[in-house]
Number of protein chains: 2
Amino acid sequence: MTAPQPNYLIFSNEGVSGVAWKNRALKRSVIAYLDVSDSCTVMDISRELNISVPKAASLVSELVQDNLIRDYGKIDSTGGRKANVYGLVNDACYFIGVDVKKYYVNIGLLDFKKHLLSIRENVPFQLENTPGSLRALTDIIRRFISDFSELESRILGVGINLSGRVNHVTGYSYSFFHFQEEPLSRIIQQEIGIPTFLENDSRSMAYGEFMNGVVKNERNVLFINIDFGLGMGILIDGNLYYGKSGFSGELGHIPFFQNEKICHCGKRGCLETETSGIALLEEIKERIRGGSSSILGQKNRDVDRIRLEDVIEAARKQDTLVIEVLAELGDKLGKAIAILINIFNPELVVLGGKVSETGEHIRLPIRSALNKYTLGLVNNDTQLKLSRLGERAGVMGACLIARGKVLSAAH
Amino acid sequence: MTAPQPNYLIFSNEGVSGVAWKNRALKRSVIAYLDVSDSCTVMDISRELNISVPKAASLVSELVQDNLIRDYGKIDSTGGRKANVYGLVNDACYFIGVDVKKYYVNIGLLDFKKHLLSIRENVPFQLENTPGSLRALTDIIRRFISDFSELESRILGVGINLSGRVNHVTGYSYSFFHFQEEPLSRIIQQEIGIPTFLENDSRSMAYGEFMNGVVKNERNVLFINIDFGLGMGILIDGNLYYGKSGFSGELGHIPFFQNEKICHCGKRGCLETETSGIALLEEIKERIRGGSSSILGQKNRDVDRIRLEDVIEAARKQDTLVIEVLAELGDKLGKAIAILINIFNPELVVLGGKVSETGEHIRLPIRSALNKYTLGLVNNDTQLKLSRLGERAGVMGACLIARGKVLSAAH
DNA sequence: GATTATTAATAAATATTTTTAATAAGTTTG
DNA sequence: CAAACTTATTAAAAATATTTATTAATAATC
């Protein structure tokens, strides 16, 4: 006997109205509630959704029938008859997340209970603005899906992270693969046959870290993505903030310095020109050429071939030059984050992206800059933490964004 | 025969559950819908709230009985039988807004349909951190209420704006009147006998401008309050953004300059030290002392006694010195707003506060700074407008915040 | 260890809501 | 200008949800 197939209809409102519509909405609310509370009783649902106990019981029994939730036994007593607790069925459905980087792709599979079941990292790929590159990407995704053919019918969504400007509602990407009328998300969806959602990489990482990372109960969170460039994801009251066209969080290109460095965006004095992975790498190279001693200078005779990964590695090995440059970078970035804290009064700022893998070497200079540049009352509200998911935040976020869109029936 | 008294019970959830609770929630939804759509038919409500037509009809008829909404006749034909349209009853209830400034108070009365029925401006008052000052404030409010004694039972809320740090949830003010254990809002509420809500002045003005001012359909809006100090109100998806403790929008104290001016907050280089009413006034005085010619220098022999109002007035009279200083101020402030635009990607930035009364003299320099410092794609999304309500934004916002809190039953 | 108190789940009765159908009041068209 | 078509409102029937009462299960108490 095979397991019953879950009833995915509740994740759509098509062709229903009246009582059927309400029931679907209620069922989605139950699942949304289980999403944050992990497990609950019939009475919890009745209280939370303001419906009667019999109604809650009937919803629960239908959801069990639908194979979306399951009876997980009795709850620890509360002083009377023990209640049955219900939770999501982990293999009810799956979601795929694709984190597209410049030279490789990370891709993973998430189950209904938000566990990352499988992840494939560093799949070779060249991100270029060409149809060929796009085809290579869809091939990678298709190949990954084909490894889980027995689950394929239960993969309900694919989330894809792209750097640059992305409009998650329309599905357009403006920085990459923008060579057709149709939105990119629809093109890819046609290729792979699964509903597809696009997201900006920093926002996606922020969401991953929020839903399944270092964030606990904080609802207003800034995620600073210090990678090759500098990006930011903003969580407001637990939701990603997009702005008018989905271009929010362009931290890298705020006018911040009086310097003469021309940013690749065309402007001058962008924050990114001095506080990003590229800026870090260039500064290190510059100083090594200028004669500063570093384990990087010794190993690699050809300074030009030092990569950002090498710099991160050197920081881990306590290389004095890298630590020194990171301290300077951290002070500048800290001043920028001080601005953000004054504006957002967030509960938490998370440092993510490649450069954040240097850990306390980057966190501490930022922390002390915050003390220097923000008001006590506001600063005391704000924690500064390192990403917990690290490189995996992207895949996790992409999966979770797809999951969130499908489950909220908002597409 | 007197008009029936409205049924205010729907604005509270006390002591109700089950079907009564749901009905109150639905009725509040109907009113919330009428709040934005101004008028609607039974069918509109049925569609909007996903309830059946008979149910919508029964809610409407009860709300009419409650004297909260009224039948406003037939709608223009849509090709069949004409529908009855319903709208709010303007005199169903009232709200008071109090805008507390340093040397005076503005106070006004708003009706259910968001019309400012009465406003009393420039009521003399000294904002000091003393019990006496607080008593003077409650006296002003009480006196204002007593002028509307016939409406008193229908005044459902009082909103009060204070500058500085205010927590709207707890009702604590940290910058003023912070000399007792109890939250300030409760103290005042006990004095005047009407539910009272506290808000930060810039946020309140932002809300006023959003609900009843220059904002049309934009949902992500920044309101820049250029007064003596520099504040900001943030609207995200149509809601005020507060941050963790309600300290968001501290634009005045972001670290922005390399200058040596010590801000009253104790830090150095705050944006406010060069781009606020006080900074403007000081700069003008400085230049007049240095020999710059201006109608201000001619009229007032005693440079020290020039007030900000005089400077604004001079700008209106096309005084070259003031216009020049405003242009410089606008360039700096524009650079700061460019940062905000990169971060928020808002649909609209509204300039308010005293200095904004100089109109295009301040708007244009900011506009051109935005073109200089932001990316085209992001900048094109954002409109820059002058406040429509001007000085009245504060009172309007305070009224509307009280109204919003009461109507949403969230207190 | 039986009794009492407490909480959960279920069943029956009641109330409410939705559906479906019918009627009313318009517009458009031949 | 009447017939056909729309749309709104009301009425009656059917479906659904809530209330209330009952039963079940467990913990605390005596």
Side-chain angles (χ1 to χ4, degrees), chain A residues 9-10 13-30 33-34 37 39-66 69-87, chain B residues 9-10 13-30 33-34 37 39-66 69-87:
Chain A
L9 288 174
I10 73 158
N13 281 329
E14 263 174 77
V16 291
S17 62
V19 117
W21 185 92
K22 283 184 184 175
N23 275 333
R24 287 195 187 177
L26 280 173
K27 285 186 186 179
R28 287 197 298 268
S29 298
V30 171
Y33 179 50
L34 278 169
S37 68
S39 70
C40 71
T41 67
V42 167
M43 267 214 144
D44 291 337
I45 294 170
S46 159
R47 216 172 313 125
E48 189 72 15
L49 274 58
N50 279 295
I51 54 178
S52 67
V53 173
K55 177 63 184 164
S58 101
L59 286 174
V60 164
S61 100
E62 278 181 56
L63 281 165
V64 170
Q65 287 247 312
D66 291 348
I69 73 173
R70 182 177 292 161
D71 187 336
Y72 281 97
K74 304 285 183 188
I75 200 174
D76 291 349
S77 170
T78 51
R81 176 173 170 177
K82 284 177 179 169
N84 282 45
V85 284
Y86 297 86
Chain B
L9 288 175
I10 73 157
N13 280 329
E14 262 175 74
V16 290
S17 62
V19 105
W21 185 93
K22 280 184 186 176
N23 275 332
R24 286 195 188 176
L26 280 173
K27 285 186 186 178
R28 287 197 298 267
S29 299
V30 171
Y33 179 50
L34 278 169
S37 68
S39 70
C40 70
T41 67
V42 167
M43 267 213 144
D44 291 336
I45 293 170
S46 159
R47 215 172 314 125
E48 190 72 15
L49 274 59
N50 280 295
I51 54 177
S52 67
V53 172
K55 176 64 183 164
S58 101
L59 285 174
V60 164
S61 100
E62 278 182 53
L63 282 165
V64 169
Q65 286 248 311
D66 291 348
I69 72 173
R70 184 177 292 162
D71 186 335
Y72 281 97
K74 305 283 184 189
I75 201 174
D76 292 350
S77 171
T78 50
R81 176 172 171 179
K82 286 177 178 168
N84 282 45
V85 284
Y86 297 86

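Per chain, numbering begins at 1; letters A, B, ... match sequence-line order.
If you take CD1 of A/I75 and P of C/dT6, they are 19 Å apart, rounded to a whole angstrom. The CH2 atom of A/W21 sits 23 Å away from the P atom of D/dA15 (whole-angstrom rounding). In this entry the distance linking CE of B/M43 with C1' of D/dA8 reads 7 Å, nearest Å. Atom C1' of nucleotide C/dT19 and atom CG of B/N50 are separated by 16 Å, given to the nearest angstrom. At whole-Å resolution of the value, CD1 in B/I51 and C1' in C/dT19 are 15 Å apart. D/dT16 atom C1' lies 12 Å from atom CD of A/E62, rounded to whole Å. Atom CZ in A/R47 sits about 11 Å away from atom P in C/dA9, given to the nearest Å.
Of the residues near DNA chain D, A/A56 and A/K82, the one whose nearest nucleotide (by heavy atom distance) lies more toward the 5' end is A/A56. Mapping A/P54 and A/G18 onto DNA chain C via the closest heavy atom, the residue that lands nearer the 5' end is A/P54.
Contact annotation: A/N23 reaches the phosphate of D/dA17 (side-chain N/O to OP1 or OP2, under 4.0 Å). Residue A/K22 places at least one side-chain N or O closer than 4.0 Å to OP1 or OP2 of C/dT18. In this structure, A/N84 reaches the C/dA9 phosphate: one of its side-chain N or O atoms is under 4.0 Å from OP1 or OP2. Distances shown here put every side-chain N or O of B/K74 at or beyond 4.0 Å from the OP1 or OP2 atom of C/dA25.
With no hydrogens or angles considered, a side-chain donor-acceptor pair links B/N13 and B/R28 at under 3.5 Å. Side-chain N/O atoms of A/K22 and B/N50 include no donor and acceptor closer than 3.5 Å.
Taking every side-chain heavy atom of A/V19 into account, C/dT19 is the closest of D/dA27, C/dT19, C/dT16. Residue A/K55 places its side chain closer to D/dA17 than to any other of D/dT9, C/dA9, D/dA17. Comparing atom distances between the A/V42 side chain and each of C/dA9, D/dT18, D/dA11 picks out C/dA9 as nearest. Side-chain proximity of A/S52 to the nucleotides D/dA11, C/dT10, D/dA17 is greatest for D/dA17.
Taking CD of B/E48 as the start and OG1 of B/T41 as the end, the distance is 11.0 Å to the nearest 0.5 Å.
Side-chain atoms of A/R81 and base atoms of D/dA25 include no donor and acceptor less than 3.5 Å apart.
Put simply, the side chain of B/Y33 reaches to within 4.5 Å of the side chain of B/C40, judged on heavy atoms. Two residues are said to be in side-chain contact when any heavy atoms from C-beta on lie closer than 4.5 Å; B/L59 and B/I51 meet this criterion.
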